[in-house]
Student: 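Quick one: the structure is below, questions incoming.
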Amino acid sequence: MSTTLLERQRSHTCNQLTKADLGKEVVLMGWVDSNRDHHGRIFIDLRDRYGITQLVFKPELDAALRDRAHQLGREYCVGIRGVVEDRAANGGSPNPRLPTGEVEISAVELALFNAAETPPFLVEDKIETSEEKRLAHRTVDLRRPRMQRNLIIRHKLMQAARRYLDGQGFLEMETPLLVKYTPGGARNFLVPSRLNPGKFYALAESPQLYKQMFMMAGLDRYFQIVKCFRDEDLRGDRQPEFTQIDIELSWATERVVQTLVEGLVADMFKEALGVTVERPFQRMSYDEAMSRFGSDKPDLRFAMEHTDLTDIVKKHQGGGIKLFADVVATPGNIIKAMVIEKKREMSRTEVDKLEDVAKGMGSKGVGRVRLDETGQWTQGPFGKAVTPEMRAEVNQACGAKAGDVILFQLGKASLVHTVLGGLRLHLRDKLGLVEHDEHGVSKQWKILWVTDFPLFEYDEIGKTHVAAHHPFTSPQAGHEDKLTSDPGSCRARAYDLVLNGNEVAGGSIRIHDGAVQSKVFTALGISEEDRQRKFGFLLEAMKYGCPPHGGIALGFDRWAMLFCGGTSLRDVIAYPKTQKGTCLLTDAPTAVSEAQLKDLFIASTAPQE
RNA sequence: GGAGCGGUAGUUAAGCUGGUUAUAACGCCGGCCUGUCACGCCGGAGGCCGCGGGUUCGAGUCCCGUCCGCUCCGCCA
């Protein structure tokens, strides 16, 4: 009995054969990318993850084999044995777009492993189909070269990270995913415990406390490429399960962590893009980022900085504009502006439409004026009301010139920043202020550390201070006294890494002193009883010699997304969830039987369908 | 929880102020074509216009509701 093609195994992949292989008998495996019948001569492009090789079935060589090849449709899975031949010598023309374009395989044996139905969409990069269809037929989608390239880049980044951290003496250590529920922060996914009726695990939203305890255990340098789970609403850059490169080290300072990460990031850039990044990275305080860009993750690839006009408007008591006067009369309110330059050629109608965009972000409206040749304000009600003195000062503060448009946003600081910062990004995309290559990869890389975050944020609803990063973040030196007296002014030893306007890493130096930890808990309004109940295990561990330590976590999927060129994590995660957290491929989540629930001592209160 | 955009052959879209039999391209099927490779030419099949209700003599089109996908705000220590 003859040897089957599968037993022979493939001799080459579909990107390998060239004129150097002429005359060789080869075995290839793959999928039918296309099938062309030219006067009885069948040409098939055979595709695997490596590339495409042309097969030719000659009727004069084997008419029966040709007839079988004629039947092969797109995505049929086949194996082939044949001889490498020169296309030109066969009377054909080479295809310069393929590495294998000078040769073709004259088939002598064909194994049909599996026929395929007509695929729901073509396996091509350029095909535009809805994300819904792609997710529902993910195996077909993942055959597209672009998706395979993305997953390969992802793999390379992961290996580069492991190599680098291993080289720096870090141990890759695993931590539990079924963990104790801890309140605060992101909503947890809960997992009922069958063996402990009425009790629940949480899926880890990060390995935070475990990695800190590794440090207390003397394990010194830890990393893990780890799945994390957060039951919050999704965005293009937020999935309910995502991957972090999680890092923690003892004897750490901000500089130590940041320098380490800069080395890691440099390797990742080199691996994915062949780009050399400049080190050390730029640093910017949280306050400066908010003030200049209205965001704690500013995109520095373009300007359009914001100008705070609050003091000017106060000085002029509204400058004749009642709206302005009213707003600054309330403490805490601010007025900020952003200029759209004349050369952007925004029509009045287009500028007016920005108000709808802003309203979608919670704004009540967007003040807007256009400067004429003399600096007068036109195209709006402000021009008639404003005093020339304030107008001149505003124009100068904003750096606005003739033909420019000034956008105003006023009210509570947080809303002003959300809206004006959001408009800045909206205009970035609308006006094409940043360039991308043909894959959608940014042509420019602006990376910076954002530092000096507040330690606490004030929760308007609960009327309490909550941890801005997490409750184990160390306050900055000299700020310990303010923990009780003025928590709002406390700064944290926390830092984020921002790449092209995306938060791609975040970390902090942790508290290693029980007394300081206690003060922070007090500032957070967590009772003695609560801190023992919720975090007792950590406080206990801290008692037996806790080294100074700190760390960081990199949002791995976001790095992959930016390096692959995209705006959605769904393109770099093989099997992602939709915005509603469902999986269109498997239909998860699904209802379960009453019996299953009973087994877990749970009853559903969801309305019956 | 809120705002916006979208849903019409397998796929991507067109379909105006409501009016015969809902178009096109790609794909699919058949035939032709001495060498294709975005092949070309000829022919063909293919539709609960997301779903439900309403207005109307008449709805893909207008109205209400609902489901699904995407973007944004809230949320994401």
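The chains referred to below are lettered A, B, ... by the order of the sequence lines, with proteins before strands, and numbering in each begins at 1.
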Student: Does Arg570(A) reach a base, just sugar-phosphate, or nothing at all? Heavy atoms under 4.0 Å.
Tutor: sugar-phosphate
Student: How close or far is atom C1' of C37(B) from atom CG of Asp86(A), stated in whole angstroms?
Tutor: 16 Å
Student: Using distance alone, with no hydrogens and no angle criterion, decide if Thr175(A) and Gln224(A) have a side-chain donor and acceptor under 3.5 Å apart.
Tutor: yes
Student: Consider the side chain of Thr578(A), meaning its heavy atoms from C-beta on, and name the nucleotide among G27(B), U12(B), G69(B) that approaches it most closely.
Tutor: G69(B)
Student: So what does Thr418(A) touch, heavy atoms closer than 4.0 Å: a base, only the sugar-phosphate, or nothing?
Tutor: sugar-phosphate
Student: Within the side chain of Arg74(A), is there an N or O that forms a donor-acceptor pair under 3.5 Å with the backbone of Ser34(A)?
Tutor: no
Student: What interatomic distance, in whole Å, is found between C1' of U34(B) and the corresponding atom of C39(B)?
Tutor: 14 Å
Student: Using the C1' atom as the reference point in each nucleotide, state the distance between G54(B) and G18(B) in Å, no decimals.
Tutor: 15 Å
Student: Taking C48(B) as the reference, what is the distance to U11(B) when you measure between their P atoms (whole Å, please)?
Tutor: 11 Å
Student: From NE2 of His39(A) over to C1' of C37(B), roughly how many Å is that when rounded to an integer?
Tutor: 18 Å
Student: Side chain of Glu355(A), backbone of Val366(A): donor and acceptor closer than 3.5 Å?
Tutor: yes
Student: Sort and list the pairs that fulfil ring-ring contact (aromatic ring centres under 6.0 Å, His included) and have at least one residue in residues 42-73 of chain A, not counting sequence neighbours.
Tutor: none
Student: Return the CG to CD distance between Leu554(A) and Glu503(A), rounded to the nearest 0.5 Å.
Tutor: 10.5 Å
Student: Distance between the P atoms of C32(B) and C68(B), in whole angstroms?
Tutor: 50 Å
Student: Tell me what Thr582(A) touches on the nucleic acid: a base, only sugar-phosphate, or nothing, going by heavy atoms under 4.0 Å.
Tutor: sugar-phosphate
Student: Take the protein atom CG of Asn95(A) and the nucleotide atom P of C39(B), then report the distance between them rounded to whole Å.
Tutor: 11 Å
Student: Which part of the nucleic acid does Glu104(A) contact within heavy-atom distance under 4.0 Å: base, sugar-phosphate only, or nothing?
Tutor: base
Student: I'd like to know if the side chain of Thr522(A) pairs up with that of Arg531(A) as donor and acceptor (distance under 3.5 Å, no hydrogens or angles considered).
Tutor: yes
Student: Between Thr13(A) and Asn15(A), is a side-chain hydrogen bond (donor to acceptor under 3.5 Å, both in side chains) present by the stated rule, with each step listed?
Tutor: CA-CA 6 Å; Thr13(A) 55; Asn15(A) 64 334; 2.8 Å; yes
Student: At less than 3.5 Å, do the side-chain atoms of Arg36(A) and the base atoms of C33(B) form a donor-acceptor pair?
Tutor: no
Student: Below the 4.0 Å mark, does C37(B) have OP1 or OP2 next to a side-chain nitrogen or oxygen of Ser34(A)?
Tutor: no
Student: Can you measure Leu46(A) atom CG to C37(B) atom P for me and round it to whole angstrom units?
Tutor: 19 Å
Student: Describe the nucleic acid contact of Gly236(A) in one word from base, sugar-phosphate, nothing, applying a heavy-atom distance below 4.0 Å.
Tutor: sugar-phosphate
Student: Which part of the nucleic acid does Asn90(A) contact within heavy-atom distance under 4.0 Å: base, sugar-phosphate only, or nothing?
Tutor: base
Student: I want to verify a distance call: between C37(B), U12(B), C26(B), whose nearest atom is closest to the Asp45(A) side chain?
Tutor: C37(B)
Student: Which atoms of nucleotides 1-10 of chain B (N or O only) lie under 3.5 Å from a protein N or O atom, and what are those distances?
Tutor:
from, atom 1, to, atom 2, distance (Å)
G10(B), O2', Pro120(A), O, 3.1

Student: Go through it in stages, so that I can follow the logic: the residues are Val226(A) and Tyr210(A), the test is side-chain contact (heavy atoms from CB on, under 4.5 Å), and I'd like the CA-CA distance, side-chain angles, deciding distance and then a yes or no.
Tutor: CA-CA 12 Å; Val226(A) 63; Tyr210(A) 292 103; over 6 Å; no
Student: Relative to the ring of Tyr458(A), is the ring of His465(A) parallel (under 30°), tilted (30 to 60°) or perpendicular (over 60°)?
Tutor: perpendicular
Student: Any N or O donor-acceptor pair under 3.5 Å from the base of C37(B) to the side chain of Ser93(A)?
Tutor: yes
Student: Is there a donor and acceptor pair closer than 3.5 Å between the side chain of Arg87(A) and the base of U36(B)?
Tutor: yes
Student: Provide the distance between the two C1' atoms, one in U12(B) and one in C73(B), to the nearest whole Å.
Tutor: 31 Å
Student: Please report, rounded to the nearest Å, how far the C1' atom of U36(B) is from the NE2 atom of His70(A).
Tutor: 15 Å
Student: Tell me what Pro94(A) touches on the nucleic acid: a base, only sugar-phosphate, or nothing, going by heavy atoms under 4.0 Å.
Tutor: base
Student: U36(B), OP1 or OP2 - any side-chain N/O from Gln54(A) closer than 4.0 Å?
Tutor: no
Student: Pick from Arg134(A), Lys133(A), Arg146(A): which one makes a salt bridge (Lys or Arg N to Asp or Glu O under 4.0 Å) with Asp141(A)?
Tutor: Arg134(A)
Student: Encode nucleotides 40-45 of chain B as B, S and - characters from 5' to 3', where the letter depends on protein heavy atoms closer than 4.0 Å: B to the base, S only to sugar-phosphate, - to neither.
Tutor: ------
Student: Could you state the atom-to-atom distance from CG of Asp141(A) to P of U12(B) in whole Å?
Tutor: 12 Å
Student: Starting at atom NE2 of His417(A), determine the distance to atom C1' of C73(B), rounded to an integer number of angstrom.
Tutor: 17 Å
Student: Would you check if there is a donor-acceptor pair between the side chains of Gln54(A) and Asn95(A) at a distance under 3.5 Å?
Tutor: no
Student: If you measure from the P atom in A14(B) to the same atom in A24(B), how many Å do you get, rounded?
Tutor: 16 Å
Student: Donor-acceptor pair, Asp86(A) side chain versus Ala88(A) backbone, under 3.5 Å?
Tutor: yes
Student: Grab the CZ-C1' distance between Phe57(A) and U36(B) for me, whole Å please.
Tutor: 14 Å
Student: What's the closest nucleotide to the side chain of Arg74(A) if the choices are U12(B), G27(B), C75(B)?
Tutor: G27(B)
